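In this text, all values refer to a predicted model and were calculated from it rather than measured experimentally. When reading the values below, keep in mind they use all heavy atoms of this one structure, side chains included, and skip hydrogens, waters and symmetry mates.
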Amino acid sequence: LPVAKLLVRWALGTQPGTVLDPSFGGCSFLRAAADHLETLGIVDTAKYVVGVDIDPAAQTHLGSLNSGAPRATGRIANFFLTRGSALPGAPFSAIVGNPPYIRHHRFGGQDRKLAQEAIAPSGVRVPQNANAWVYFVVHASAMLRKHGKLALILPGAVLHAMYARPLYPHIERHFSESRLIYLR
């Protein structure tokens with residue numbers, strides 16, 4: 001949770017805004033976003049904090065986060081079938097999270113096809129040997145508002161894998177500044 005808090009604080013700063021976690025899982029980023037917005041004076045954080053996850057078990061974590069007053073809105077769905085315009089709060093001020101690191105040999109067939117279709121409007125051509133997180137980065141960035149921030153935990157492969165190379169020009173086109181912080 002400390003890393004989630006740090007990334008959310010950086011992504012939102014001192015201005016309230018809408019937040020998306022495209023693979024919310026255990027709700028660390030949703031919780032951090034709701035907590036941060038509450039410090040900024042937002043009482044009804046569920047209108048600002050949105051998560052998507054394909055795993056129905058994530059609903060249990062969301063229920064725990066939302067015990068009492070709802071603090072986040074969650075949708076159990078395939079992120080690659082989700083369009084930003086269909087999510088409350090879109091386009092988002094910040095997209096935060098830890099996308100799944102599904103290796104290419106386990107990310108094929110219909111899953112890869114849906115991911116490719118989802119990122120097709122971006123024009124980014126992702127190689128067939130790319131892991132799922134690459135598609136998450138491209139698809140999520142399309143859901144940001146102008147001057148929005150993307151704060152994701154990515155694997156070290158972002159630095160050296162050939163399949164990650166198409167991300168570099170995409171990030172340069174969509175963001176005026178980018179930072180990569182390497183942690184062991």
Side-chain angles (χ1 to χ4, degrees), residues 4 7 11 17-30 33 47-59 61-62 72-176 178 180:
L7 291 176
T18 56
V19 180
L20 169 68
D21 181 345
S23 56
F24 70 84
C27 294
S28 293
F29 285 90
L30 298 183
K47 291 181 180 177
Y48 290 79
V49 181
V50 179
V52 177
D53 203 291
I54 196 168
D55 185 359
Q59 193 71 39
H61 298 289
L62 186 64
T73 302
R75 179 174 292 173
I76 302 301
N78 185 321
F79 180 61
F80 298 118
L81 290 173
T82 305
R83 300 300 172 250
S85 58
L87 295 172
F92 296 94
S93 305
I95 297 178
V96 298
N98 185 9
Y101 307 157
I102 304 169
R103 297 189 58 163
H104 74 278
H105 58 278
R106 293 182 184 243
F107 185 66
Q110 186 65 14
D111 292 331
R112 184 173 301 276
K113 183 178 181 229
L114 289 173
Q116 289 170 333
E117 289 170 1
I119 70 164
S122 73
V124 177
R125 293 201 183 284
V126 176
Q128 289 294 315
N129 67 336
N131 293 357
W133 66 266
V134 176
Y135 294 94
F136 269 80
V137 172
V138 175
H139 189 48
S141 65
M143 296 183 189
L144 278 170
R145 68 178 48 160
K146 189 174 181 170
H147 305 297
K149 292 183 178 178
L150 186 67
L152 301 173
I153 298 173
L154 301 176
V158 71
L159 295 172
H160 60 79
M162 292 302 288
Y163 66 76
R165 297 286 163 106
L167 280 179
Y168 304 164
H170 175 73
I171 289 169
E172 287 176 8
R173 277 192 310 274
H174 287 87
F175 300 96
S176 59
S178 61
L180 182 63

Listing, residues 127-134 side-chain donor-acceptor contacts under 3.5 Å, not counting sequence neighbours, or none:
{"residue": "N131", "atom": "OD1", "partner": "H104", "partner atom": "N", "Å": "2.9"}
{"residue": "N131", "atom": "ND2", "partner": "Y163", "partner atom": "OH", "Å": "3.0"}

Extract all donor-acceptor atom pairs below 3.5 Å that involve side chains of residues 143-159 and protein atoms in other chains or at least two apart in sequence.
{"residue": "R145", "atom": "NE", "partner": "P91", "partner atom": "O", "Å": "3.2"}
{"residue": "R145", "atom": "NH1", "partner": "S93", "partner atom": "OG", "Å": "3.1"}
{"residue": "R145", "atom": "NH2", "partner": "P91", "partner atom": "O", "Å": "2.9"}
{"residue": "K149", "atom": "NZ", "partner": "W10", "partner atom": "O", "Å": "3.4"}

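Under the 30°/60° scheme for interplanar angles, the aromatic rings of F107 and Y135 are found to be tilted. Aromatic ring pairs are classed by plane angle as parallel below 30°, tilted from 30° to 60° and perpendicular above 60°; the pair F80 and H139 is tilted.
The heavy-atom pair separating P22 from V96 by the smallest distance is CD-O, 3.5 Å. Taking each heavy atom of P169 and R165 in turn, the nearest pair found is CD-O, 3.3 Å. Nearest heavy atoms, Y48 versus G17: CD2-O, 3.5 Å. Heavy-atom minimum distance, A90 versus F92: CB-CE1, 3.6 Å. Pairing each heavy atom of A118 with each of P121, the nearest pair is O-CD, 3.5 Å.
The local environment of CZ in R173 is crowded, with over 12 non-hydrogen atoms from other residues, nucleotides or ligands closer than 6.0 Å.
Side-chain contact between I76 and F24 is present, with at least one heavy-atom pair separated by less than 4.5 Å. By the 4.5 Å heavy-atom criterion applied to side chains, F79 and S23 are not counted as neighbours. At a threshold of 4.5 Å between non-hydrogen side-chain atoms, the residues V50 and T18 do not count as touching. Side chains of V124 and L167 form no contact here, defined as non-hydrogen atoms less than 4.5 Å apart.
Inspection of the H170 and S141 side chains reveals an N or O donor paired with an N or O acceptor under 3.5 Å.
When the side chain to side chain contact (heavy atoms under 4.5 Å, CB included) test is applied to A72, the partners found at least two apart in sequence or on another chain are L30, V49, L62, L65, N66.
A donor-acceptor pair under 3.5 Å is formed between the side chain of D53 and the backbone N or O of G25.
Note that CD of Q110 is 5.5 Å distant from NZ of K113, once rounded to the nearest 0.5 Å. Separation of atoms OG1 (T82) and CZ (R75) is listed at 6.5 Å; rounding is to 0.5 Å.
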